Structure formats: C-alpha cells, structure tokens
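Report on the structure given below.
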Amino acid sequence: MEKRITVIRGDGIGPEIVEQALRVLTRVAEKYGRRFVYQEILAGGAAIDACGTSLPEESLQKCLDCDSVLLGAVGGPKWDGVPKEIRPEAALLGIRSAMGLYANLRPARLFPQLAAASPLKPEIAGQGIDLMLVRELIGGAYFGEHRTGLENGELVAHDDMVYAAHEIERIARAAFAIARKRSSRVVSVDKANVLDTSRLWRKVVHEVAAEFPDVSCTDMLVDNAAMQLVKNPAQFDVIVTENLFGDILSDEASMVTGSIGMMASASMGDGTRGMYEPIHGSAPDIAGKDLANPIGTILSAAMMLRYSFDMPDEADCVEQAVNAVLDAGFRTADCMSEGCTRLSCSQMGDRILGQIC
Ligand code: NAD
C-alpha cells in the first residue's frame, strides 16, 4: 500500500528532527512491507529565502495532493521583519485553512521515565498526566479580521474573534468521539462569563454532548483550566477548547509533562488526511548543533500512522521503540537527568531505529 507524504523540513531545528522521523518511517515501512513516498516542499522561512513567499502555490498544491503532511517547524529571528502576509507562520495558517484542518489533537502525557523533568511537585506529577487537548484550529481570533489604525488621534488595534455554530459543532463532535476511545470524559473550556463566542461555544457543546450520553461533559472557565493544569492535571482526559485558549493551554500542558521536545500533534479535518508536527517551534538557539530532541517529531509520525493511515501496529511499534530507549536511560539535553546517558539528535534517532528491527 503506497502513502504519499508531503514533507516540510522547515527552519531552525526542523531539518534535523524531520530527518530522524523520516529514518524511522522508512524503517517501519521496511519492517511492515509498506511503501511511503516522500515529496519535499519549501514553506516558511526557507521558502521566503528561495521564492519570496512563505507558502508558494506549488507547495500548497502538494499539501492538497498527498495522504498527509509531516512538518518540522518554521520561523526564526531572520524573518521577524518580513511583512505579516508572508511571515513563516502565515504558511501554516494557509496550509491548515486550505486543507480544512479544524481539529488539532495534542496528547500531553507524562512519560514515567521523565517524571523528574516535570516542573510539578513529585506528589502532583506522581499522579500521572495523560490527557488529549483538542484545539479548534481554523477559527476564532487568529482567523478574524485584524486591523490597526488611528482612532481619536491614537493607534488602536482590533482582532475580531468569530465563531459560527457549525465550527463549534464539528470540533465538539471530534472531541467526544476521541473521548469515547479514551476514558469518556470531556472538559469544555471557555470564558462564558465574559465572551459571546464562549456563550455560543457552551450552548453548542451541550447540544453535541446530548448525542454522546456515555461521555461525561463538564464546563470549565479558561482561567480555572490554566490553574487546574498545574494543580491537578490527572483529573483531565479530553479537553476541548477554541483556538486562542487552546494555543496557550496546550503549551502549558506540554510543559508540565517535562520537555516540549517530546510532544507530538496532529491536525485533522473531516477526512483521514492530516498534518503532523511536534508542538515546539524551530528552536533557533540550538539549530544546527545536533542537540534537538527528535522524539516529538517521531511521535508525530506515529500519530500519522495511527490516525491517517490506519496502521495501529506500526504506530505502536514506534511508540514502544521510544519507550524502550527512554527506559534504557537515553536522553537528549533538554530532558537530561542524573544517571542518564546524553545523546545528540542523530544518536537518539539511531537508538530508536535500533529498537525497530
Ligand atoms: P521554540 O519552541 O522554538 O523554543 C522554545 C525553547 O524550547 C527553546 O529554548 C528551544 O531550544 C527549546 N526547544 C524547542 N524544541 C526543542 C526540541 N525539539 N529539543 C530541545 N529543545 C527544544 O519556541 P520559540 O523560541 O518561542 O520560537 C522560535 C521560532 O519558532 C519562532 O520564530 C516561532 O515563531 C516559531 N514557532 C514555530 C512553530 C511551528 O512551526 N509550528 C511553533 C511555535 C513557534
């Protein structure tokens, strides 16, 4: 069975971490008799340098014409001054929007081997963290109208936050369906005491919840959710929330689990095709030094196998390989602790490959 994967190595550490994920995918293909065809495209800063825009038309077409997209990360200080329409991040918004990827799935799991790397007190981290944050990805403030201009003699900026009922309904349905495959508990996060978009969010989520009587649904205000993630993260199974809140809470959830370098994500739409990427950025401070942790990207590739290609054995194999390497005490610098062996990015790739044979 052939699967076409569009690959965006991106900027900063992107090329280093994607290289390790591709090695893992290729080894998995050999082991299970699969065929993955990679088509590489430019997007982000590298595309600005080569083509003057962060998302060339040809690149976008290859995202629309494939079975899934694997991305490292884009951006960096070199492109901070470019016009906002062609900023590296604009490429990601453009791809997500064109592919209709409205659901961002961000698992946040505390690997028991990395408990010492969590900034939480041991008695809190010790209760375990294993949650799925489902973030709405192509609506809300990031996609509303942005404008800055003079009003009454001073500069005023506006960012419109807009949600239509159907946008809330489809992300809520995705979250409830995922919860059914986990512990059947959804916490819907909003700011319904202040925002109209949140009041509509709550109403629609409750309507969808009625279709899933086997899944519990509770509401939580976003400020409380931010507190609960550090006070008692073990309480969460699935969190569903809108774009801006999800952006912030998902970084918080990843941080309490240890290193941001471990965390994978999937962005999905109505079909099986998705875009898979680690949740971190291009880490310009460590780029080109073979220091980055490639595990978030490798686990993103595992999510691609599971969610887009329906290859659960292959996905399990990758996740077990990562677990085995962590069990053996191997770490990249970002999650190093006493008694462990420090590896470079490529050495971590070697170790994980060594577990897939
Ligand atoms: P970042 O996630 O790149 O880095 C934050 C910190 O985490 C840094 O100290 C970095 O060294 C460390 N880190 C991140 N990933 C790591 C890994 N795999 N292994 C080891 N350490 C890792 O966030 P930032 O510094 O705020 O952003 C840098 C650039 O990345 C910016 O241009 C930003 O716009 C961009 N960015 C891109 C994406 C994306 O492509 N999806 C997401 C977030 C930020």
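For ligands, and for the atoms within them, numbers begin at 1 and follow the listed sequence. All values derive from a computational prediction rather than experimental measurement.
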**Request:** For atom 15 (N) of ligand 1, grab the closest protein heavy atom and report residue, atom and distance to one decimal in Å.
**Result:** His280 CG, 3.1 Å
**Message:** Show the atoms of ligand 1 that are less than 4.0 angstrom away from any heavy atom in Gly261.
**Reply:** 17 (C), 18 (N)
**Request:** Please test Leu291 against Ser344 for side-chain contact (heavy atoms from CB on, under 4.5 Å), starting from the C-alpha separation and ending with a verdict.
**Result:** CA-CA 5 Å; Leu291 282 177; Ser344 66; over 6 Å; no
**Fill in**
Quick note on ligand 1: atoms under 4.0 Å from a heavy atom of Ala292 include exactly 19 (N)
**Item:** Nearest protein heavy atom with distance in Å, relative to atom 1 (P) of ligand 1
**Value:** Gly281 N, 3.5 Å
**Complete:** The atoms of ligand 1 lying under 4.0 Å from a heavy atom of Gly75, numbered in the order shown, are 32 (O)
**Complete:** closest protein heavy atom to atom 39 (C) of ligand 1 is Leu92 CD1, 3.6 Å
**Message:** Among Asp285, Asn293, Asp247, which one puts a heavy atom closest to atom 17 (C) of ligand 1?
**Reply:** Asn293
**Asked** Hey, mind stepping through Leu305 and Tyr32 against side-chain contact (heavy atoms from CB on, under 4.5 Å) and telling me if it holds?
**Response** CA-CA 12 Å; Leu305 297 171; Tyr32 289 89; over 6 Å; no
**Request:** Using only heavy-atom distances, determine whether the side chains of Ser346 and Asp290 contain a donor-acceptor pair under 3.5 Å.
**Result:** yes
**Asked** By number and element, which atoms of ligand 1 are closer than 4.0 Å to a non-hydrogen atom of Ala73?
**Response** 40 (O)
**Complete:** Closest to atom 4 (O) of ligand 1 among protein heavy atoms sits Ala283 CA, 4.2 Å
**Message:** Within the 4.0 Å heavy-atom shell around Ile260, which atoms of ligand 1 are there?
**Reply:** 7 (O), 13 (N), 14 (C)
**Asked** Which residue holds the protein heavy atom closest to atom 31 (C) of ligand 1, what is that atom called, and what is the gap in Å?
**Response** Gly76 N, 4.2 Å
**Request:** Please indicate, with yes or no, if any protein heavy atom is found under 4.0 Å from atom 8 (C) of ligand 1?
**Result:** yes
**Asked** Do the charged groups of Asp11 and Lys78 touch, with an N to O distance under 4.0 Å?
**Response** no
**Asked** Name the one of Glu167, Glu211, Glu136 that satisfies salt bridge (charged side-chain N to carboxylate O under 4.0 Å, His left out) with Arg173?
**Response** Glu211
**Fill in**
Any heavy atom of Ile13 under 4.0 Å from ligand 1? The part involved is side chain
**Message:** Would Leu249 and Leu133 count as a side-chain contact (heavy atoms from CB on, under 4.5 Å) here? Give the steps.
**Reply:** CA-CA 8 Å; Leu249 291 181; Leu133 198 140; 3.9 Å; yes
**Prompt:** Heavy-atom count around Arg34 CZ within 6.0 Å, excluding the residue itself: above 12?
**Reply:** yes
**Asked** Backbone N or O of His146 within a donor-acceptor pair of the Asp159 side chain at under 3.5 Å?
**Response** no
**Prompt:** Considering only protein heavy atoms, which is closest to atom 33 (C) of ligand 1, and at what distance to one decimal place?
**Reply:** Glu89 OE2, 3.9 Å
**Item:** Heavy-atom side-chain contact between Leu326 and Arg331 under 4.5 Å
**Value:** yes
**Request:** Tell me which protein heavy atom sits closest to atom 30 (O) of ligand 1, plus the residue, atom name and distance to 0.1 Å.
**Result:** Ser282 N, 3.0 Å
**Asked** Taking atom types as modelled, is there a side-chain donor on Tyr163 or Asn243 under 3.5 Å from an acceptor on the other?
**Response** no
**Fill in**
atom 21 (N) of ligand 1: closest protein heavy atom, distance to 0.1 Å, is Ile286 CD1, 3.6 Å
**Complete:** Ranking Met255, Lys78, Glu277 by closest non-hydrogen atom to atom 41 (N) of ligand 1, top hit is Glu277
**Message:** My question is simple, although I want it checked carefully: is atom 26 (O) of ligand 1 less than 4.0 angstrom from any protein heavy atom?
**Reply:** no
**Prompt:** Any side-chain heavy atom of Tyr102 within less than 4.5 Å of one from Ser267?
**Reply:** no
**Request:** Under 4.0 Å, heavy atoms only, figure out whether ligand 1 is touched by the backbone of Val74, its side chain, both or neither.
**Result:** both
**Asked** How does Pro284 reach ligand 1, by side chain, by backbone, by both or by neither, if only non-hydrogen atoms under 4.0 Å count?
**Response** side chain
**Asked** Any Lys/Arg nitrogen of Arg170 or Asp270 sitting under 4.0 Å from an Asp/Glu carboxylate oxygen of the other?
**Response** no
